[in-house]
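Reviewing the structure listed below.
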Number of protein chains: 2
Amino acid sequence: MVKNRKSCEVPDATIHRLPLYLEKLKLLQAIGVEDVSSRQLAESLDIKASQLRHDFHYFGGFSRPGRPYQVAKLVPALEQIIGIAEPVPTAIIGAGHLGQALANYQNLDVQGFPVRGIFDTNPKLIGLEMRGQPVRDMDELEKVIKEEKIRIAILTVPSTQAQVVANRLVEAGIIGIFNFAPTDLKVPEGVAVRNERLAVGIMSLSFKVKCILQSQDEDITEV
Amino acid sequence: MVKNRKSCEVPDATIHRLPLYLEKLKLLQAIGVEDVSSRQLAESLDIKASQLRHDFHYFGGFSRPGRPYQVAKLVPALEQIIGIAEPVPTAIIGAGHLGQALANYQNLDVQGFPVRGIFDTNPKLIGLEMRGQPVRDMDELEKVIKEEKIRIAILTVPSTQAQVVANRLVEAGIIGIFNFAPTDLKVPEGVAVRNERLAVGIMSLSFKVKCILQSQDEDITEV
DNA sequence: AAGTAACGGTTAAATAATTAACACATAATG
DNA sequence: CATTATGTGTTAATTATTTAACCGTTACTT
């Protein structure tokens with residue numbers, strides 16, 4: 001099956017757009033839209049239609065020439081590609097404020113990532129319930145990961161502990177780490193890490209804000 | 001001052017690396033490192049030295065040929081560029097789980113974004129204190145933004161309300177919105193929005209996990 | 001004091017991503 | 001039944017980003 005291997009050689013930029021396509025399509029589906037053209041879908045996402053078709057082209061045809069996409073076919077196709085055709089059991093490591101926020105974030109479930117384990121070392125937190133899931137002691141980590149067949153972990157521990165915990169997760173069979181600690185994790189090949197750096201986000205926003213303020217100043221002095 | 005205008009015409013990819021440079025440099029500064037070459041710094045960030053020099057080149061010389069960068073000069077230079085030479089007062093709109101998590105996220109202060117206002121409409125939350133800041137009623141939004149000269153807002157309200165609140169923020173003088181709601185905000189020119197889509201993050205991770213699993217399967221069948 | 005190794009700035013080349021263009025297919029229309 | 005409008009898949013052109021190459025400087029070594 002050459003397709004599979006090929007379908008993994010896709011630019012990151014395209015991968016990041018897949019969830020956006022899916023989200024919009026689900027929205028259309030919810031209001032009863034059956035067909036949608038590349039132009040309509042692209043326009044609603046503020047991108048070019050050719051880019052959307054180009055993105056889809058990595059995965060083979062979703063329609064045939066002359067006919068728009070059928071929402072009912074496209075949604076499961078994208079879910080398959082993204083890997084959420086079946087629910088993906090997920091763990092949250094670190095039940096501090098951020099961990100709690102994510103554990104209570106209903107969308108995680110809806111989007112295909114049911115939380116099947118929440119872990120912490122703090123005795124004050126252990127036993128607390130969030131959306132029906134108790135906060136468990138880290139001692140249970142390996143057992144629960146195995147029992148629940150968890151493959152993805154969301155890491156919300158202090159950055160000092162991130163690497164140690166990550167090692168343990170990898171050892172326990174986790175192959176996808178969504179890392180919220182501002183640390184670069186070292187992981188072996190065959191493990192995917194995605195760093196979510198809030199600081200990067202707000203700083204690049206700050207850069208643009210500074211540029212806006214500067215251009216406003218210039219406009220004034222130019223008058 | 002042509003430099004200012006030019007310094008805003010910088011690729012997004014470069015902008016996103018600036019915080020990483022700054023973070024690493026601060027780390028070096030903390031352990032007493034005075035000089036660092038482009039190669040050393042790049043290597044520690046797992047990028048090419050030429051890319052780092054190319055990035056810096058957008059903003060003019062930070063050193064002179066033959067001499068490595070001086071950490072003590074580079075740090076404030078980057079802070080200036082990013083726009084955090086002075087602390088940037090920030091507001092959090094929505095004191096739910098995520099808003100609370102961010103309000104309690106000490107790094108925000110440290111990185112130059114002191115929280116000067118937390119807002120919600122829920123009477124049960126109003127009055128609660130987080131890091132010395134009370135949760136305020138939305139009625140006070142405009143007043144506090146003005147008094148505290150807040151320019152950046154972190155939006156953590158339900159997506160149904162995101163656009164309405166965003167409009168109000170813009171009206172009140174906010175020019176940078178860090179949006180955690182899974183909605184595309186429409187804002188006038190002169191306002192910067194950065195969308196932080198957790199679902200996008202975890203889904204692109206899921207895509208890579210699926211690819212890893214597939215390639216493992218193939219390896220087995222190939223043997 | 002000359003030679004050498006290391007360095008940043010700068011420009012050019014290579015690579016990747018986006019956008020446009022086009023060929024062909026479909027269904028609706030007169 | 002031809003014609004037209006709309007549409008995708010696919011390839012080509014354009015644009016953006018990354019990487020490499022080179023030049024002039026600096027400080028160190030012998």
Side-chain angles (χ1 to χ4, degrees), chain A residues 2-3 6-18 20-21 24-25 28 33-75 77-78 81 200 204 207-208, chain B residues 2-3 6-21 24-25 28 33-75 77-78 81 200 204 207:
Chain A
V2 179
K3 190 83 164 279
K6 207 180 113 192
S7 79
C8 287
E9 285 162 11
V10 175
D12 265 10
T14 293
I15 296 173
H16 291 348
R17 280 189 290 267
L18 296 179
L20 303 180
Y21 297 147
K24 191 65 77 172
L25 284 165
L28 292 176
V33 176
E34 288 180 3
D35 297 333
V36 65
S37 72
S38 61
R39 192 161 43 80
Q40 291 170 318
L41 189 52
E43 223 160 69
S44 75
L45 285 162
D46 211 30
I47 62 171
K48 293 283 191 295
S50 56
Q51 176 162 80
L52 186 149
R53 293 202 300 273
H54 199 279
D55 282 343
F56 283 5
H57 184 233
Y58 284 104
F59 308 102
F62 289 137
S63 174
R64 55 190 202 286
R67 294 271 60 205
Y69 300 110
Q70 291 171 258
V71 177
K73 285 189 179 176
L74 204 39
V75 166
L78 281 172
I81 290 167
V200 171
S204 50
F207 177 87
K208 284 172 185 168
Chain B
V2 179
K3 190 81 164 282
K6 208 179 112 193
S7 78
C8 288
E9 284 161 12
V10 174
D12 265 10
T14 294
I15 296 173
H16 291 348
R17 281 189 291 267
L18 297 179
L20 302 179
Y21 297 147
K24 190 66 77 173
L25 284 164
L28 292 175
V33 176
E34 288 180 3
D35 296 334
V36 65
S37 73
S38 61
R39 193 161 43 79
Q40 291 170 318
L41 189 51
E43 225 160 69
S44 74
L45 286 163
D46 209 30
I47 62 169
K48 294 281 192 295
S50 56
Q51 176 162 80
L52 186 148
R53 293 203 300 273
H54 199 279
D55 281 344
F56 283 5
H57 184 232
Y58 284 104
F59 309 103
F62 289 137
S63 172
R64 55 189 202 283
R67 293 271 60 205
Y69 299 110
Q70 292 171 257
V71 177
K73 284 189 179 177
L74 204 39
V75 167
L78 280 173
I81 289 167
V200 171
S204 50
F207 177 88

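The sequence lines fix the lettering, A, B, ..., with proteins before strands; numbering per chain opens at 1.
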- request: Starting from C1' on D:dT8, measure out to CZ on A:Phe59 and report it in whole angstrom.
  value: 17 Å
- request: Start with the C-alpha distance between B:Asp12 and A:Lys208, add both sets of side-chain angles, then the distance that settles salt bridge (Lys or Arg N to Asp or Glu O under 4.0 Å), and finish with yes or no.
  value: CA-CA 10 Å; B:Asp12 265 10; A:Lys208 284 172 185 168; 3.5 Å; yes
task: May I ask you to list the residues of residues 34-45 of chain A, by number, that have any heavy atom positioned under 4.0 Å from an atom of DNA chain C?
output: none
field: Value in whole Å for how far the P atom of D:dT19 lies from CG of B:Asp46
entry: 10 Å
- line: All heavy atoms of B:Ser204 vs all of A:Ile15, minimum pair found to be CB-CG2, 3.5 Å
message: Taking ring pair (Phe, Tyr, Trp, His ring centres under 6.0 Å) as the definition, give me every residue that meets it alongside A:Phe56, ordered by chain and number, with sequence neighbours left out.
response: A:Tyr21, A:Phe62, A:Tyr69
- prompt: Within the structure shown, what part of the strands sits under 4.0 Å from A:Phe56 by heavy-atom distance: base, sugar-phosphate, or nothing?
  reply: nothing
Could you list the protein-to-nucleotides 16-21 of chain C atom pairs, N/O on both sides, closer than 3.5 Å?
residue: C:dT18; atom: OP1; partner: A:Arg17; partner atom: NH1; Å: 3.2
residue: C:dT18; atom: OP2; partner: A:Arg17; partner atom: NH2; Å: 2.9
residue: C:dT18; atom: O5'; partner: A:Gln51; partner atom: NE2; Å: 3.2
residue: C:dA20; atom: N7; partner: A:Ser50; partner atom: OG; Å: 3.3
residue: C:dA21; atom: N6; partner: A:Arg53; partner atom: NH2; Å: 3.3

Quick one: side chains of residues 37-46 of chain B, donor-acceptor pairs under 3.5 Å with protein atoms, not counting sequence neighbours, listed by atom name and distance.
residue: B:Ser37; atom: OG; partner: B:Arg39; partner atom: N; Å: 3.4
residue: B:Ser37; atom: OG; partner: B:Gln40; partner atom: N; Å: 3.1
residue: B:Ser37; atom: OG; partner: B:Gln40; partner atom: OE1; Å: 3.4
residue: B:Ser38; atom: OG; partner: B:Arg53; partner atom: NH1; Å: 3.1
residue: B:Gln40; atom: OE1; partner: B:Ser37; partner atom: N; Å: 2.8
residue: B:Ser44; atom: OG; partner: B:Leu41; partner atom: O; Å: 2.8

query: Do you know the tightest heavy-atom contact between B:Ile81 and A:Phe207?
result: O-CD1, 3.3 Å
- prompt: CZ of A:Phe62 versus P of D:dT10: gap in Å, rounded?
  reply: 12 Å
- request: Quick one: pull up NZ in B:Lys73 and CG in B:Asp35 and give me the separation to the nearest 0.5 Å.
  value: 10.0 Å
query: Between atom OH in B:Tyr69 and atom C1' in C:dA6, what is the gap in whole Å?
result: 13 Å
- prompt: Say you draw a straight line from CG of B:Leu78 to CG of B:Leu20; how long is it, rounded to the nearest 0.5 Å?
  reply: 11.0 Å
Protein and nucleotides 28-30 of chain D: nitrogen or oxygen contacts under 3.5 angstrom:
none

- prompt: If you check the B:Arg64 side chain, which of D:dA27, D:dT10, C:dG9 turns out closest?
  reply: D:dA27
query: Is A:Val10 close to A:Phe59 at the side-chain level, that is, under 4.5 Å between some pair of heavy atoms?
result: yes
- request: Applying salt bridge (Lys or Arg N to Asp or Glu O under 4.0 Å), name anything that partners A:Lys24, two or more places apart in sequence or on another chain.
  value: none
task: Return the minimal non-hydrogen interatomic distance between A:Ser63 and A:Pro68, and the atom names on each side.
output: OG-O, 3.3 Å
Phosphate OP1/OP2 of C:dG9 contacted by B:His57 side-chain N/O (<4.0 Å): no
